[in-house]
Amino acid sequence: MNALVGGPHAHSGNSISRTMVLVLVALMPATLFGFYEFGWPAVFLFLVTVAAAIAAESFSLALAGKPQKPFLLDGSAVVTGWIIAMTLPPWAPWWIGVVGSFIAIVLAKHAFGGLGQNVFNPAMIARTVLLISFPIEMTQFLTPQPMFTGSSPGFLEGLEITFAGHTAFDAVSSASLLGAIKTQLGLGVPVNEVVGGSLSLTAMALGIVPGSMGETSAVAILLGGILLLATRTITWHAPVAMIVTMAVLAGLFQAIDPGRYPGPAIHLVSGTFLFAAFFIATDYVTAPATGMGKLIFGAGVAALTFIIRTWASYPEGIGFAILLMNAAVPLIDHYVRPRIYGRTRSGEPIRYEET
Amino acid sequence: MKMFRIKGGIHPDERKDLAAGKAIETVPLPSLLRIPLQQHIGAPAVTVVEKGDEVKKGQLLASARGPVSAAIHAPTSGRISAIGRFVAPHPSGLPGQTITMRPDGKDEWGELPAPIDDPFSVGPDIIAERVAASGIVGMGGATFPSAVKLGLRNRNKLETLVINAAECEPYLTCDDRMMRERSEAVIDGIRILRHALGVERAIIAIEGNKPEALAALKAVCSANQFKDVLIARVPTRYPMGSEKHLVQTLTGKETPARALTADIGVVVHNVATCYAIREAVRFGRPLISRVVTVSGGAMARTGNFEVPIGTPISHLIDHCGGFNKEPDRLLLGGPMMGQPISSTRTSVVKGSNGVLALGPDETPARQTMPCIRCASCVSACPCGLTPFEMAGHIRKEELDAAVKIGLLDCIACGSCAWVCPASIPLVQYFNYAKGKLTAQQRAKHKQEETKRLTQFREERMERQKKAKQEAMARMKAEREAKKKADAEKKRAKQETIGA
């Protein structure tokens, strides 16, 4: 019996690992759907990426002289690796996953001091560095080849695609919707002619479109998001702010020139937007602490995403938007804080009628 | 009744079922009573008895010293066997002045102040005097002398008396049992208090998890058609028992920082205090016992007990059959804000509402991890603070920065640490910082005092030196003037001679 312990002597029982497990469970629908859509290569890439994340974590802990067990069991490395896998083109070669995981864990996380200390979201750093460094490998999206259908590669073929860079299968490589719009707009084709067919809104919502492994199905992502909200793992602020801001901006510009600007629906269900709204912008470590701060953060991410998607050269703007807003978090947290009980927002005691 | 929402708060596992069903029992007198002189906020009481004195039950043992102090009375009849330092019921385990008495077993009352048969016909000052003479302090755990609170009437314009019957700490059921079993007396005490404060209404605030107590009090009020006592069922949410938060829930009014609820016209008393006040006013009985909840998974028998003040905790535990397993933590008070018991030889005092023996499953050992900024603590904090940030500053010894973002507005309720998934002992950080700030302030004060005295001395020396110099100069000038005058005289003489 230890008489020197301090209170409180009760605890909610919540833990970092429990939180991480909830996130993983929430990622399951999108992950399983990704496996189904993109077949064995997606499974292998996922396994490689997660394993690399764990290896990178262990390596970093050893370098920092930190204990392995508590930090490996906290689940944060698995979550990072898992999310990176979700954002990669599903048939990317194995080393893309390995490089991504090492960048995320070693550079974006442990170089800043490890768990809880990083300024930028590790998965977004990894994705952005990969996108800039290996633009070809990172934009090789393919039309879904659902597992166990004729066009889907088998187990061994999958191994060859992921580990030997074998791409001679019937993979129909294609641009993502945002890339397609960008290209077609450049050729003078109006937006509404690009959208349709295999790139229809319904297809995008269901997720049967080219894209990264885990971000194509809006439905699967929403399922996970609802789980996170229901278990109070995340709050509604950042996702709602992101979705509303994007819808408003896209709607506004579409009203100005429908031929040049895709509408809200396209912006919301394409790319990593929804995935980022529920799984990236809600990252505890790199988002503001208060509800108001999270609203600002989410709105900022959406606005920057819209700007980058619309006017900059990278159609997948969300990674940059997240990182830019990550950098703004200390500023947001400094200025946006809760009102202290009995005080005004400026910190002075509230006034009361003299009684 | 309309309720107002407060920010933050948590829902800890209540565990009230362990003792809520147990009627209040009397504990047999122990062979020794150890009565600390510090059972309240403020200066310790001053003994008025000596070793070897025979005392009667209710006799004054120590009188209040200073404005925020409380008298202490003999819990039974017997002999004072020692007056000296003894380990105090405080986590530090440091000793404090303690009166030890050996009960004679007769439990004979001494002479008590005359009962006030109709408290509603006497003036508020008479009631306040009686409360002060009876050594009554806030029995919710804060142990603020109740008479001082009654005196707020002269300072503020009071409108409402709020009775804190929230009992929001898990495990504790002593207030619940008192309200169920002594509802008439409790309501009577509340009405006496309302009269003594001269306020229109009294509101009893009970958390929704005590329906029996609520019904019992309601029955008394409706049977007697008491219109001056309202009963409010407040949400079950920790820390509803925090005075300022309770007042805001009931009235919607927020107490300004650094102010008392009295400044917004509300005075809060704990429900057990009301019972004690009634005993003192109507029967002249001082506060010499209290109801204590004994609970926790490691206790062989749980229950609620009427315990004489000064009863050793070991006696109470033995009476309950000891432990059924090795307790992980032994606490005085609830699990959220209670303090670890440094030694079971210490006593039950006026502010002790619970003795808890928690098993390992109730306080699982948890590994502290780094903060992941999840901000659960921010959402849970009822005071609008950012606990993780304050802890971050304190870890870097940036105490001023922690104060700037609200450290001194923290009520140490522990909600933040309860929710923290990283199991960071946030409250311990804050207590450390508050303690350090107090020490720094004391050191600074001392330093300033020394500086002031040194400066004073230097100035005095300077003045003396100057005075000395001036005196010398004056003497010199006088000497020269005299010389000059002499020379003048001499010359005049010579001139006279020459002429």
Side-chain angles (χ1 to χ4, degrees), chain A residues 1-20 66-67 69-71 73-74 76 113-118 232-235 283-291 293-294 329 333-334 337-345 347-355, chain B residues 7 10 12-13 91 93 156-157 159 170 244 254-259 263-265 326-331 335-342 358 362-364 366-367 369-376 378 382-386 388-389 405-406 409 414 417-419 421-423 425 427-428 431:
Chain A
M1 193 170 78
N2 182 3
L4 292 173
V5 289
H9 308 279
H11 194 272
S12 62
N14 194 13
S15 65
I16 293 177
S17 50
R18 181 181 166 276
T19 305
M20 296 295 170
K66 289 182 183 166
K69 199 178 155 203
F71 288 101
L73 288 181
D74 70 25
S76 61
L115 181 66
Q117 300 288 308
N118 48 299
R232 302 198 178 188
T233 311
I234 62 169
T235 65
D283 170 27
Y284 297 150
V285 181
T286 58
T290 59
K294 288 179 174 115
V329 165
D333 270 345
H334 182 76
R337 34 180 72 252
R339 184 177 67 80
I340 297 176
Y341 191 94
R343 293 183 186 278
T344 61
R345 289 229 161 261
E348 296 300 311
I350 55 173
R351 290 174 162 279
Y352 56 92
E353 303 291 310
E354 225 25 86
T355 58
Chain B
K7 193 197 159 291
I10 55 170
D13 195 1
N156 298 96
K157 188 173 165 291
E159 283 161 6
K244 290 178 179 179
E254 187 171 325
T255 310
R258 304 264 156 276
D263 293 319
I264 55 168
E326 175 73 9
D328 204 49
R329 284 184 205 189
L330 201 53
L331 304 176
M336 295 302 295
M337 290 186 76
Q339 305 278 12
I341 292 169
S342 50
L358 304 183
E362 291 163 289
T363 55
R366 303 183 57 86
Q367 175 162 28
M369 295 286 287
C371 172
I372 52 167
R373 291 176 43 90
C374 70
S376 309
V378 180
C383 298
L385 305 174
T386 43
F388 77 95
E389 251 188 309
I405 59 171
D409 292 278
W418 185 84
V419 294
S423 294
V427 182
Q428 288 177 57
N431 286 341

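On a predicted model such as this, the values are computed, not experimentally measured, just so you know. Convention: sequence-line order gives letters A, B, ...; per-chain numbering from 1.
No side-chain heavy atom of B:Glu389 sits less than 4.5 Å from a side-chain heavy atom of A:His334.
Using a 4.5 Å cut-off between heavy atoms, B:Met337 does not touch chain A at all. Heavy atoms closer than 4.5 Å to chain A are found nowhere in B:Pro12, neither backbone nor side chain. A:Arg339 touches chain B through backbone and side chain together, each having a heavy atom under 4.5 Å away.
Qualifying ring pair (Phe, Tyr, Trp, His ring centres under 6.0 Å) partners for B:Phe388, counting only residues two or more places apart in sequence or in other chains: none. Legend: residues meeting salt bridge (Lys or Arg N to Asp or Glu O under 4.0 Å) with A:Arg18, ordered by chain and number and at least two apart, are absent.
Your options are A:Pro70, A:Pro8, A:Ala287, A:Gly347, and the one with the most heavy-atom pairs under 4.5 Å with chain B is A:Pro8. Here B:Cys383 is the residue among B:Gly414, B:Cys383, B:Ala259 with the most heavy-atom pairs under 4.5 Å with chain A. Ranked by heavy-atom pairs under 4.5 Å with chain A, the first of B:Ala375, B:Gly406, B:Pro256 is B:Pro256.
To the nearest 0.5 Å, the span separating OG on A:Ser15 from CE on B:Met369 amounts to 9.0 Å. Note that OG1 of B:Thr363 and NE2 of A:His11 are 12.0 Å apart. Values are rounded to the nearest 0.5 Å. Atoms CZ and CG, from B:Arg373 and A:Asp333 in turn, are 5.0 Å apart once rounded to the nearest 0.5 Å.
Tested against A:His9 for a side chain to side chain contact (heavy atoms under 4.5 Å, CB included), the candidates B:Leu330, B:Leu358, B:Asp328 yield a single pass: B:Leu358.
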